[in-house]
Trainee: 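Take this structure, written in structure tokens, and hold onto it; I'll ask about it next.
These numbers come from the heavy atoms of this one structure, side chains and all, not from hydrogens, waters or symmetry mates. This is a predicted model, so every value here is computed, not measured. Counting convention: from 1, in listed order, for ligands and their atoms alike.
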Amino acid sequence: MDCLFCKISEGVIPAKIVFENERIVAFDDINPQAPTHIQIIPRKHIATVLEVAAEDRELIGEIIQTAAALARERGVADDGFRLVVNTNPAAGQSVYHLHVHLIGGRSLGWPPG
Ligand code: AMP
Ligand code: ZN
């Protein structure tokens, strides 16, 4: 499948990987929007959050826990951080492989643009 994040998961395209196990990969964003900007993805190809199935529930929970662990590791947990899942064009999704942005290390405006 011609999917950028599948290729990162498979090691075909390099990335600065900060965590990985059999189910999940986390890597630094190539165009960081904050001092901490990490992508947490399932190795399984899921195009958007709209395609998450009942059988993926545990996987999604593990992704969220991984994001929280990375937030602590990076020292942004106490100050605060944001997890973002952009979905479809109006939200600016550009890679159609489910990914959770972990963004922190600076003050974040609300509402988002
Ligand atoms: P989204 O717009 O929510 O689909 O987010 C896609 C994210 O992937 C953006 O923040 C990009 O900077 C990031 N990105 C694109 N290509 C790469 C890459 N090769 N390695 C790491 N991050 C990437
Ligand atoms: Zn994929």
Side-chain angles (χ1 to χ4, degrees):
M1 187 181 302
D2 194 24
C3 169
L4 176 63
F5 284 0
C6 280
K7 286 177 180 161
I8 287 177
S9 167
E10 291 158 7
V12 176
I13 289 178
K16 174 78 196 313
I17 291 177
V18 297
F19 172 85
E20 64 181 325
N21 65 18
E22 308 82 55
R23 297 166 298 280
I24 291 169
V25 185
F27 51 91
D28 283 337
D29 198 286
I30 204 169
N31 182 26
Q33 300 303 310
T36 292
H37 190 173
I38 296 172
Q39 298 296 335
I40 304 103
I41 71 166
R43 289 195 191 275
K44 176 183 178 183
H45 182 84
I46 301 172
T48 82
V49 77
L50 296 166
E51 279 76 39
V52 171
E55 67 187 32
D56 301 321
R57 285 176 184 172
E58 202 170 328
L59 176 63
I60 298 302
E62 190 178 0
I63 288 172
I64 298 297
Q65 283 192 315
T66 300
L70 288 167
R72 286 198 188 91
E73 235 175 66
R74 291 291 174 109
V76 301
D78 288 347
D79 280 351
F81 60 94
R82 193 168 288 166
L83 302 182
V84 175
V85 182
N86 293 320
T87 304
N88 280 341
Q93 185 174 6
S94 61
V95 178
Y96 280 76
H97 179 128
L98 182 67
H99 50 282
V100 175
H101 297 248
L102 163 59
I103 302 168
R106 66 171 170 84
S107 176
L108 301 166
W110 191 265

Trainee: What is the closest protein heavy atom to atom 16 (N) of ligand 1, and at what distance does it sit?
Mentor: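 For this ligand atom, the closest protein heavy atom is L4 CD2, 3.3 Å.
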
Trainee: Given side-chain contact (heavy atoms from CB on, under 4.5 Å), test F81 with T36 step by step and report yes or no.
Mentor: CA-CA 9 Å; F81 60 94; T36 292; over 6 Å; no

Trainee: Starting from atom 22 (N) of ligand 1, which protein heavy atom do you reach first, and at what distance in Å?
Mentor: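 Sorting protein heavy atoms by distance from atom 22 (N) of ligand 1 puts I30 N, 3.2 Å first.
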
Trainee: Out of all atoms in ligand 1, which are within 4.0 Å of some heavy atom of Q39? Include the element for each.
Mentor: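 Numbered from 1, ligand 1 contributes 7 (C), 10 (O).
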
Trainee: Among all the protein's non-hydrogen atoms, which is closest to atom 2 (O) of ligand 1, and how far away is it?
Mentor: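 Protein heavy atom with the smallest distance to atom 2 (O) of ligand 1: G92 O, 2.9 Å.
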
Trainee: What protein heavy atom is closest to atom 4 (O) of ligand 1, reported as residue, atom name and distance in Å?
Mentor: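 Scanning the protein heavy atoms, the shortest distance from atom 4 (O) of ligand 1 goes to S94 N, 2.7 Å.
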
Trainee: Just verifying a value: how many Å separate L102 CG and L70 CG, rounded to the nearest 0.5 Å?
Mentor: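 Interatomic distance, L102 CG to L70 CG, rounded to 0.5 Å: 6.5 Å.
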
Trainee: Answer yes or no: does atom CZ of R72 have more than 12 heavy-atom neighbours from other residues, nucleotides or ligands under 6.0 Å?
Mentor: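 It does not: R72 CZ has 12 such atoms or fewer within range.
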
Trainee: Got I24 and L59 here, is their nearest side-chain heavy-atom distance under 4.5 Å?
Mentor: yes

Trainee: Is the shortest distance from a heavy atom of D28 to ligand 1 less than 4.0 Å?
Mentor: yes

Trainee: When you measure from the side chain of D79 to the backbone of V76, do you find a donor-acceptor pair of N or O atoms at a distance under 3.5 Å?
Mentor: no

Trainee: Using a heavy-atom cut-off of under 4.0 Å, does the side chain or the backbone of I8 touch ligand 1, or both, or neither?
Mentor: side chain

Trainee: For atom 9 (C) of ligand 1, what is the closest protein heavy atom, and at what distance to 0.1 Å?
Mentor: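 Answer for atom 9 (C) of ligand 1: D29 OD2, 3.4 Å.
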
Trainee: Provide the number and element of each atom of ligand 1 under 4.0 Å from a heavy atom of F27.
Mentor: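 This gives 21 (C), 22 (N) as the contact atoms.
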
Trainee: Is it possible for you to say whether F19 and V85 belong to one hydrophobic cluster, with membership spreading through side-chain heavy-atom contacts below 4.5 Å?
Mentor: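 Yes; V85 is reachable from F19 via cluster members.
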
Trainee: Using a 4.0 Å heavy-atom threshold (strictly under), name the region of F5 that reaches ligand 1: side chain, backbone, both or neither.
Mentor: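 The side chain, only.
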
Trainee: Within the side chain of H97, is there an N or O that forms a donor-acceptor pair under 3.5 Å with the backbone of P42?
Mentor: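 Checked: pair present.
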
Trainee: For the CG atom of L98 and the CD1 atom of I63, what is their distance to the nearest 0.5 Å?
Mentor: 5.5 Å

Trainee: When you check the space around the Zn ion (ligand 2), which protein N, O or S atoms turn up under 2.8 Å?
Mentor: C3 SG, C6 SG, H45 ND1, H97 ND1

Trainee: Report, as yes or no, whether the 6.0 Å neighbourhood of atom CG on N21 holds more than 12 heavy atoms from other residues, nucleotides or ligands.
Mentor: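 Enclosed: over 12 neighbouring heavy atoms sit under 6.0 Å from CG of N21.
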
Trainee: Is there a polar contact, in the sense of an N or O pair closer than 3.5 Å, between V95 and ligand 1?
Mentor: yes

Trainee: Is there any N or O on A15 that sits under 3.5 Å from an N or O of ligand 1?
Mentor: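 Checking ligand 1 against A15, no N or O pair falls under 3.5 Å apart.
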
Trainee: Taking distance alone, with N or O pairs closer than 3.5 Å, would you say N86 contacts ligand 1?
Mentor: yes

Trainee: For atom 1 (P) of ligand 1, what is the closest protein heavy atom, and at what distance to 0.1 Å?
Mentor: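 Answer, as residue, atom name and distance: H99 NE2, 3.1 Å.
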
Trainee: Say whether, by atom type as modelled, one donor and one acceptor occur between the side chain of R106 and the main chain of Q33 under 3.5 angstrom.
Mentor: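 Here the side-chain-to-backbone pair exists.
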
Trainee: Keeping the roles fixed (side chain from E51, backbone from A53), state whether a donor-acceptor pair exists under 3.5 Å.
Mentor: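 Here the side-chain-to-backbone pair does not exist.
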
Trainee: Please check: side-chain N/O of S9 versus main-chain N/O of F5, any donor-acceptor pairing under 3.5 Å?
Mentor: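 Absent.
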
Trainee: Relative to the heavy atoms of N31, which atoms of ligand 1 are at a distance of less than 4.0 Å?
Mentor: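 In order of numbering, the contacting atoms are 12 (O).
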
Trainee: With sequence neighbours left out, write down each residue that passes side chain to side chain contact (heavy atoms under 4.5 Å, CB included) with L50, or none if nothing qualifies.
Mentor: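 L50: side chain to side chain contact (heavy atoms under 4.5 Å, CB included) contacts with T48, T87, N88.
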
Trainee: Quick check for you: to the nearest 0.5 Å, what is the distance between R74 atom CZ and D28 atom CG?
Mentor: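 Nearest 0.5 Å value for the CZ-CG distance: 4.5 Å.
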
Trainee: Out of H101, K16, Q93, who is nearest to atom 3 (O) of ligand 1 when you count heavy atoms only?
Mentor: H101

